[in-house]
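The structure appears below as structure tokens.
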Amino acid sequence: MTTDHPEATPMVRLRSEGAVDEETLAYARTKIDAVVTRPGLPAVTGEVRIVRAAAHHADRPWSATADLRIGGRQVVVLAEEATGTEVVDHLQDRLRRQTDKAARSWDNGHRTTLPPWRGGGVRPFPTARPGGTADHSRTA
């Protein structure tokens with residue numbers, strides 16, 4: 001069973017699958033909001049999915065996946081744990097690290113450059129210099 005839950009932050013959707021209780025979803029919403037609504041972050045959009053496996057013999061029946069777009073950068077975070085609160089805490093820790101990295105790259109203007117064979121790092125040809133071939137063509 002898949003359910004959608006309305007959230008306070010309209011740009012990040014929280015979804016659940018399986019027997020996920022409302023307490024775990026409320027806990028997840030507060031933890032996710034604490035990460036994505038920090039000042040200094042660019043616009044955050046995406047989805048967080050919390051899943052509880054039906055198999056009772058699984059060591060880690062809880063899993064969470066966050067697929068977010070922070071500014072122009074995609075952040076994907078995965079977590080698996082034995083309980084709902086543990087998986088949310090683990091997801092929050094990883095998500096905070098990745099959002100910090102995305103915010104730093106957004107603030108500093110660091111962008112990955114294209115490799116030379118795709119046109120990155122190649123300086124354009126200089127325009128006509130004084131004393132260059134363009135000047136010689138004008139003299140008669």
With a 4.5 Å heavy-atom cut-off, do Trp62 and Val88 have their side chains touching? no
Can you measure from CD (Glu47) to CG (Leu68) and round to the nearest 0.5 angstrom? 9.5 Å
What I'd like to find out is whether the side chain of Arg38 reaches to under 4.5 Å of the side chain of Thr99, using heavy atoms alone. yes
I'd like to know if the side chain of Arg52 pairs up with that of Thr24 as donor and acceptor (distance under 3.5 Å, no hydrogens or angles considered). no
Closest heavy-atom pair and its distance - Arg96, Ala34: NH2-O, 4.3 Å
Write down the atom of Val36, the atom of Leu41, and the distance for their closest heavy-atom approach. O-CD1, 3.7 Å
Please list, chain by chain and in numerical order, all residues satisfying side chain to side chain donor-acceptor pair (under 3.5 Å) with Glu80, sequence neighbours excluded. none
Going from CD on Gln98 to CZ on Arg73, what distance comes out if it is rounded to the nearest 0.5 angstrom? 7.0 Å
Are Leu91 and Val51 grouped together when hydrophobic residues (ILVMFWY) are joined by side-chain heavy atoms under 4.5 angstrom apart? no
From Leu14 atom CG to Asp33 atom CG, the distance as rounded to the nearest 0.5 Å: 9.0 Å
Can you name the closest pair of heavy atoms from Ala66 and Val48 and give their distance? CB-CG2, 3.9 Å
Within this structure, what is the NZ-CD distance for the pair Lys31 and Gln92, rounded to the nearest 0.5 Å? 4.5 Å
Value for NE2 (His90) from CG (Leu78), rounded to nearest 0.5 Å, stands at 10.0 Å
Starting at CG of Asp67, measure out to CZ of Arg13 and round the result to the nearest 0.5 Å. 13.0 Å
